[in-house]
2 protein chains.
Amino acid sequence: MLTSLARMATTEALTVQEAADTTGWSPRMLRYIERAGLVVPPRSASGYRLYGAAELQRLRTLRELLDAHDVGLAEIGFASRMRTEPHLARDVDGWLSATATRPAEVPADDWLRWEQAKHTRLLQHPEPTPTN
Amino acid sequence: MLTSLARMATTEALTVQEAADTTGWSPRMLRYIERAGLVVPPRSASGYRLYGAAELQRLRTLRELLDAHDVGLAEIGFASRMRTEPHLARDVDGWLSATATRPAEVPADDWLRWEQAKHTRLLQHPEPTPTN
DNA sequence: GGAACCTTGACACGACCGTGCTAACGTCCC
DNA sequence: GGGACGTTAGCACGGTCGTGTCAAGGTTCC
């Protein structure tokens, strides 16, 4: 609307609904995203969220990020944790670096089978049927 | 039991139940963990899971990892994804590096408030009460 | 050949994720 | 002062996570 355009020109900040309109997120999700600590807009004196150009950009790229790869807000929230908690990052990376159960005595075709299964990031299609 | 000890000495591999007993996980969880691609033991000709020393060690350290920090299997599964999918890692790290909505015009105490909120990894205690 | 184990598959369940909607109440602005 | 909008809190709902349990069927081994 004209009002929003006017305010944008003057105060350089949008309200939730306006930000929602220009980013494709719903107001509900904008609050949720804030809650997850991913995009936290400043507030007006009376508590209104004020989305500036920076936040809008961030929201759009966030959407692209989620759409591109199959990830959720929780996941990138976790990634964020990994950078702010070096303690955590060290342990997790350390564990993952331990070359998971070195596959030396694996029959080679079995290896291949579970290797593919592993690439289906988590549970998905079951079909393995254990050769019985 | 004696049986398991005997087999361990000879074939160097434990069955699910035995592995469960020595690692503290339940058999159910061992299968779940395998499904998540975190610890995948080789199989016997007839399909039995064979947990060797490497897997057992891995299972114990995994437990420590989860207990130490507040993380779940899904999370470290995601961390694993980050290392095997550089495409993903690049995008996520890139997004996080964008110093989230530079807090220049934030009233400094507000900043502090949402900064702490962010550290409650995701939703938790609500109390903020927006200064109204 | 039978007991004790293994396998997969499924139901169940509480907790959280992602989302929408409604309620109750404050703010903005004409 | 009233309407359009903001704020939070809450219910709801399908989906996933982390678990347990139980069923149906193969294996091991005495």
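Just so it is clear: chains get the letters A, B, ... in the order the sequence lines come, proteins before strands, and each one is counted from 1.
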Q | T23(B) and its side chain to side chain contact (heavy atoms under 4.5 Å, CB included) partner, picked from L14(B), I33(B), L56(B) | A |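 It is L56(B), the one option of L14(B), I33(B), L56(B) that forms the side chain to side chain contact (heavy atoms under 4.5 Å, CB included) with T23(B).
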
Q) Do the side chains of L66(B) and W95(A) join up, straight or via other hydrophobic residues, at under 4.5 Å, putting them in one cluster? A)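 L66(B) clusters together with W95(A).
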
Q: Would you state whether a donor and an acceptor, one from the side chain of Y48(A) and one from the base of dG26(C), lie under 3.5 Å apart?
A: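 A donor-acceptor contact between them is present.
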
Provide, to the nearest angstrom, the distance between the [atom1] atom belonging to [X] and the [atom2] atom belonging to [N].
X: L50(A); N: dT27(C); atom1: CG; atom2: C1'; answer: 13 Å
X: L73(B); N: dT16(D); atom1: CG; atom2: C1'; answer: 13 Å
X: Y32(A); N: dC16(C); atom1: OH; atom2: P; answer: 11 Å
X: L66(A); N: dT19(C); atom1: CG; atom2: C1'; answer: 14 Å
X: Q17(B); N: dT21(D); atom1: CD; atom2: P; answer: 12 Å

Look at the side-chain N and O atoms of [X] and state whether any lies under 4.0 Å from the OP1 or OP2 oxygen of [N].
X: S46(A); N: dT7(D); answer: no
X: S44(A); N: dG6(D); answer: no
X: R49(A); N: dG6(D); answer: no
X: T15(B); N: dC6(C); answer: yes
X: R28(A); N: dG10(D); answer: no
X: R35(A); N: dT19(C); answer: no

Q: Sequence neighbours left out, what pairs pass ring pair (Phe, Tyr, Trp, His ring centres under 6.0 Å) with at least one residue falling in residues 34-80 of chain A?
A: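 Non-adjacent pairs meeting ring pair (Phe, Tyr, Trp, His ring centres under 6.0 Å): H69(A)-H87(B).
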
Q: List for me each residue that meets side-chain contact (heavy atoms from CB on, under 4.5 Å) alongside Q57(A), sequence neighbours excluded, and say none if there are none.
A: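 Applying side-chain contact (heavy atoms from CB on, under 4.5 Å) to Q57(A) gives R60(A), T61(A).
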
Q: Mind checking R31(A) for me? I need base, sugar-phosphate or nothing, with any heavy atom below 4.0 Å counting as a touch.
A: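 Base contact.
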
